[in-house]
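Take a look at the structure below.
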Amino acid sequence: MIDVEAARKVLRANDRGGHTVPTDGLYPFAWSWDSAITALGWLTFDEARAWDECHTMFSGQWDNGMVPHILFHGGNAESYFPGPDVWGSNTAIPSSAISQPPVWATAIRMMAERAQDRALAESALAKLMPQLIAYHDWWYNDRDRADTGLVRSYHPWESGMDNSPAWDTPLMRVPEVEWEYQRRDLGHVDQDQRPHKPEYDRYLYLVDFYKKNGFDSDIIYNECPYRVVDIGIVAILQRATKDLVVLCRQTGHHAAAERMEGEIDRTQSAIDKLWSPGHRCFFNYDLVADEPLEEVTTGTVLPLFGGLAGEQQAADMAKLLDEWIDASPFAVASTHPSSPRYEPQRYWRGPIWLHINWMLALGLRDYGYDDVADRVNGATRACVDASGFFEYFDAESGAGCGGGDFSWTAAVALYWLAD
Ligand code: GLC
């Protein structure tokens with residue numbers, strides 16, 4: 001049984017007025033996909049607060065349409081690294097210079113459909129629609145200039161799956177920063193649950209690279225030393241764009257709806273080149289080396305969520321997931337347990353995140369694999385039962401890892417598990 005009151009308490013405790021921090025201490029600002037998921041949690045008991053979560057994040061939207069992955073507003077800039085000075089983005093509300101998996105339109109459509117206060121929902125939508133459209137246009141225009149159907153990504157942090165082994169090869173090609181810095185994450189969480197220094201040095205090199213090049217989209221598109229097609233982003237964008245089309249039709253944004261339908265088709269036509277029949281999943285793609293990144297992670301089965309898989313591909317992925325659930329005591333491990341790079345408790349190299357399970361279950365249901373979706377749901381409950389509302393969960397022991405009292409974990413429990 002989900003302790004609904006305890007889950008609500010987590011959101012209230014992390015509420016900083018208009019935005020919810022992912023967890024106190026470790027993440028003291030607003031993160032984009034966290035906020036989208038967290039808004040769904042708020043919706044179950046405070047609709048006005050849920051819509052505010054959206055408005056706050058979009059208040060930091062860049063002029064070019066990008067919604068940054070971190071909005072440094074409220075909070076003490078000194079308490080987080082890399083903070084606004086390191087990013088140097090110079091925007092009205094300081095922010096990072098990359099985005100995050102674009103789950104917003106999906107969350108907002110769900111909110112619009114479930115909201116009881118119709119007048120409030122309509123006025124919120126009236127404000128959000130142009131912002132959502134600009135955000136999706138930005139992905140397709142800025143991140144897929146050659147109209148390949150596959151948007152590109154410039155930082156492992158943009159994937160939201162920061163330390164996934166899928167990024168090891170392209171990241172290690174990036175030079176290291178040469179300046180000294182003091183990480184803040186290690187003051188909150190054990191070193192064995194967080195990324196290593198060689199990775200961090202490269203994360204920071206990329207942050208410097210954008211700043212050094214004045215955030216110039218052309219330069220970054222062509223020259224960023226890290227350029228990948230992130231299948232998780234592609235899949236989440238695809239579902240979100242479909243949701244956006246529905247919202248556009250409902251609100252009279254017909255030209256945008258048509259444009260988005262074109263993008264949906266383009267992505268659908270391009271997706272098969274990422275399919276690996278032998279591995280029964282879609283791979284990420286390294287655009288610099290021009291080769292697939294052959295690592296089976298939860299991101300590589302998210303095309304189920306995006307509705308991008310054909311019938312046979314969906315059947316293969318459902319089977320893969322069914323076996324994957326059996327491969328570790330707690331599930332779904334973010335990196336497949338058969339991988340030599342699987343680490344059950346290190347950031348995105350094995351542990352379980354609840355919002356990813358939720359997306360997988362939704363995708364499985366869409367394709368009619370209710371039995372596997374039920375197993376994912378059961379596995380997700382087992383994590384919460386074992387350890388409560390942690391950031392993520394050890395795939396071997398179910399122990400809570402990372403930050404405690406975590407917003408998106410509580411939100412998924414409220415919106416999905418307690419439903
Ligand atoms: C980490 C996660 C990312 C999340 C952020 C805040 O950076 O990898 O997905 O958005 O923490 O929770």
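First listed ligand is number 1; within each ligand, the first listed atom is number 1. Each residue takes its place number in the sequence, starting with 1.
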Self-check item: Contacts of type salt bridge (Lys or Arg N to Asp or Glu O under 4.0 Å), residue D144, not counting sequence neighbours
Solution: none
Quiz item: Which pairs count as ring pair (Phe, Tyr, Trp, His ring centres under 6.0 Å) when at least one residue sits in residues 170-199, sequence neighbours excluded?
Solution: F81-Y181, W179-Y181
Quiz item: When you look for protein heavy atoms under 4.0 Å from ligand 1, which residues do they belong to?
Solution: P22, Y27, W31, W33, D34, Q100, G160, D162, Y347, W348, F406, W408
Quiz item: Just wondering, are more than 12 heavy atoms of other shown residues or ligands nearer than 6.0 Å to CG in N90?
Solution: no
Exercise. Take atom CG of D63 as the centre, draw a 6.0 Å sphere, and report whether it contains more than 12 heavy atoms from other residues, nucleotides or ligands.
Key: no
Quiz prompt | side chain to side chain donor-acceptor pair (under 3.5 Å) partners of S407, counting only residues at least two apart | solution = N14
Quiz item: Can R152 and E158 be counted as an ion pair, charged N to O under 4.0 angstrom?
Solution: no
